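Working notes for the structure below.
Atoms considered below: every heavy atom in the structure, side chains included; atoms not considered: hydrogens, waters and symmetry mates. Note that the numbering runs from 1 along the sequence shown for the chain. What you see is a predicted model; the values in this text were computed from it and never measured. Counting starts at 1 for both ligands and their atoms, following the listed order.
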Amino acid sequence: MSLEYLIDPEGGPQWRGILPGAPEAYFLKRGEGEHAMLFTDLFTVLLSGDETEGQFGVFTSEAPAGKLIPAHVHRDTHETFYVMEGKVRVHVRDRDGTKRSRLLEPGDFGFVPAGLAHAYQVEERARMLGVATGGFERFFQHMGRPTDHATADQPPFVPDLPRMQAAAREHNMEFLPDLAWPDAEA
Ligand SMILES: O=C(Oc1cc(O)cc(O)c1C(=O)O)c1ccc(O)c(O)c1
C-alpha cells in the first residue's frame, strides 16, 4: 500500500497548505499550524521538511493522560521530546538492549535517535514540542485526521489498521507489539 491511500483523489493531500512549502521566512501566531488528531492527541506541524530542504520539522502535541504509545522504532528519524506542560514517561531500549525510562516534567528534554526502540505515555495532560528529522512531521497527518480545530478538545481519531500500516511504511518505522517495558503503567 502506498501514500495514495492517504490522499483524497478529489481534494489532494488531506492537510491544508498553511505552511509555505519552501524555504521562506514566516511567522505563526499561537494556535496556527497544520493540525491533526491522532487518537486523543492534537499534533500541530509548525515547520515541515518542505521548508528546511528535508533537514528537520517542528511540531507540538497536546495530549490528555492516556495509554502507552506502543513500542516502535524509526529506522531513519531522530526524535526529541521537550515537555512544556504535564508529565510524559519516555521508555527507550539502548543499543546494548538495556531498557530504561524517564519521567519528563516541564522543562525536561529527551532525545531518541533513529534505530532505538521506544515508547511513551502521557501520565498527566501534557504539551510537548518535538523536533525531528524532516518529513517525519507528516506522520501525524498520514496516520491521524487533519483538522482545522486548534485544540485537543474534539473527538478522538482512531485510525484503522490499513491506515496505520500505510503511515508506518511511508515513514520507515516498525511497531514492536511484543516489546514490553518494566515500569510501564497498565
Ligand atoms: O511521534 C510521536 O508520537 C507518536 C504518537 C502516536 O500516536 C504514534 C506514534 O507512533 C508516535 C511516534 O512516536 O511515532 C511524537 C510525539 C511527541 C514528540 O515530541 C515526538 O518527538 C514524537
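A heavy-atom distance below 4.5 Å is not found between the side chains of Phe175 and Met164. Contact check for Leu47 versus Leu19: no side-chain heavy atoms found under the 4.5 Å cut-off. Two residues are said to be in side-chain contact when any heavy atoms from C-beta on lie closer than 4.5 Å; Glu62 and Thr151 meet this criterion.
Ring pair His171/Phe139 is perpendicular by interplanar angle, where above 60° counts as perpendicular and below 30° as parallel.
At a 4.0 Å cut-off, at least one heavy atom of Tyr120 sits close enough to ligand 1 to count as contact. Close to ligand 1: Met173, with a non-hydrogen atom less than 4.0 angstrom away.
Around CG of Asp94, the count of heavy atoms belonging to other residues, nucleotides or ligands within 6.0 Å exceeds 12.
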Begin with the C-alpha distance, continue with both residues' side-chain angles, and end with the deciding distance and a verdict on side-chain contact (heavy atoms from CB on, under 4.5 Å) for Leu116 and Arg95. CA-CA 7 Å; Leu116 293 195; Arg95 291 187 206 289; 3.6 Å; yes

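Nearest non-hydrogen protein atom to atom 22 (C) of ligand 1 is Glu79 OE2, 3.4 Å. Among all protein heavy atoms, the one lying closest to atom 8 (C) of ligand 1 is Ile69 CG2, 3.6 Å. Annotation: atom 12 (C) of ligand 1 to nearest protein heavy atom, His72 NE2, 3.1 Å.
Those atoms of ligand 1 that come under 4.0 Å of a heavy atom in Phe136, given as number and element, are 1 (O), 14 (O). Atoms of ligand 1 found under 4.0 Å from any heavy atom of Phe43 (numbered from 1 in listed order, with element): 5 (C), 16 (C). Close approach to His74 involves these atoms of ligand 1, each under 4.0 Å from a residue heavy atom: 12 (C), 13 (O), 14 (O). Interface atoms of ligand 1 facing Leu38, defined by a heavy-atom separation under 4.0 Å, are 6 (C), 7 (O).
Of the candidates Phe175, Phe39, Phe140, Phe139, Phe140 brings a heavy atom nearest to atom 2 (C) of ligand 1. Of the candidates Val131, Val90, Thr80, Thr80 brings a heavy atom nearest to atom 19 (O) of ligand 1.
No side-chain donor from either of Thr133 and His78 sits under 3.5 Å from a side-chain acceptor of the other.
Residues His91 and His118 place their aromatic rings such that the two centres sit no closer than 6.0 Å.
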